[in-house]
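Just so we're clear, the structure is a prediction, and the values are computed from it rather than from any experiment.
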Amino acid sequence: MGNHLRKQKLAHIFASKTLHKMKRDAFQAIADPTRRAILMSLREKEQNVNSLAEQFDMTRQAVSLHVKYLQECGVIKVSRQGRERLCQLEVTELNRVNEWMEPFKELLESQFRKLDNLLDELKNK
């Protein structure tokens with residue numbers, strides 16, 4: 001194996017181990033459309049994994065993997081009640097996303113105010 005390839009392989013191993021050790025967060029949770037849909041579904045009430053799986057066109061195992069990922073990201077809490085695993089939304093971690101979005105909300109509101117002013121000017125002409 002050439003020296004260059006050995007360095008690339010070592011860099012890949014280092015990167016994968018580093019990524020594996022990184023704590024997952026709410027931003028990673030909402031990066032996937034299925035995970036966002038699960039969060040929206042849990043917004044109304046806690047649900048077990050089976051009832052969540054019935055809402056998606058994928059296997060229960062695939063939904064379970066998304067649930068596990070969401071739990072690792074800290075945006076849902078999973079508790080056992082008998083044989084069922086109940087999933088409940090944890091909004092504390094999601095608030096970090098909301099806080100990060102705040103400057104963008106102000107920017108959008110500013111643009112809407114400009115649009116309102118322009119519409120008012122056009123009405124008055």
Same apolar cluster: [X] and [Y], side chain cutoff 4.5 Å:
X	Y	answer
Leu107	Leu115	no
Leu89	Met40	no
Met101	Leu39	yes
Leu86	Leu65	no

If you take all heavy atoms of [X] and [Y], which pair is closest and at what distance?
X	Y	value
Ile76	Val67	CD1-O, 3.5 Å
Arg35	Gln28	NH2-O, 2.9 Å
Phe56	Leu52	CD1-O, 3.0 Å
Leu70	Ala29	CD2-CB, 3.7 Å

With the side chain counted from C-beta on, respond yes when [X] and [Y] share a heavy-atom pair under 4.5 Å apart, and no when they do not.
X	Y	answer
Thr34	Met58	yes
Tyr69	Asp32	no
Leu94	Ile30	yes
Cys87	Asn48	no

Side-chain donor or acceptor of Arg85 paired with backbone N/O of Arg80 under 3.5 Å | no
side-chain hydrogen bond (donor to acceptor under 3.5 Å, both in side chains) against [X], all qualifying residues, sequence neighbours excluded:
X	value
Lys105	Asn98
Asp25	none
Glu46	none
Gln55	Ser41, Gln47

When you look at Arg60 and Asn50, which way does the side-chain hydrogen bond (donor to acceptor under 3.5 Å, both in side chains) test go after all the steps?
-> CA-CA 7 Å; Arg60 185 192 174 284; Asn50 285 335; 2.5 Å; yes
Between NZ of Lys125 and NZ of Lys123, what distance do you get to the nearest 0.5 Å?
-> 14.5 Å
Enclosure of Gln61 CD (heavy-atom neighbours >12, cutoff 6.0 Å) | no
Arg96: salt bridge (Lys or Arg N to Asp or Glu O under 4.0 Å) partners, not counting sequence neighbours | Glu93
Taking only residues two or more places apart in sequence or in another chain, which ones pass ring pair (Phe, Tyr, Trp, His ring centres under 6.0 Å) with Phe112?
-> none
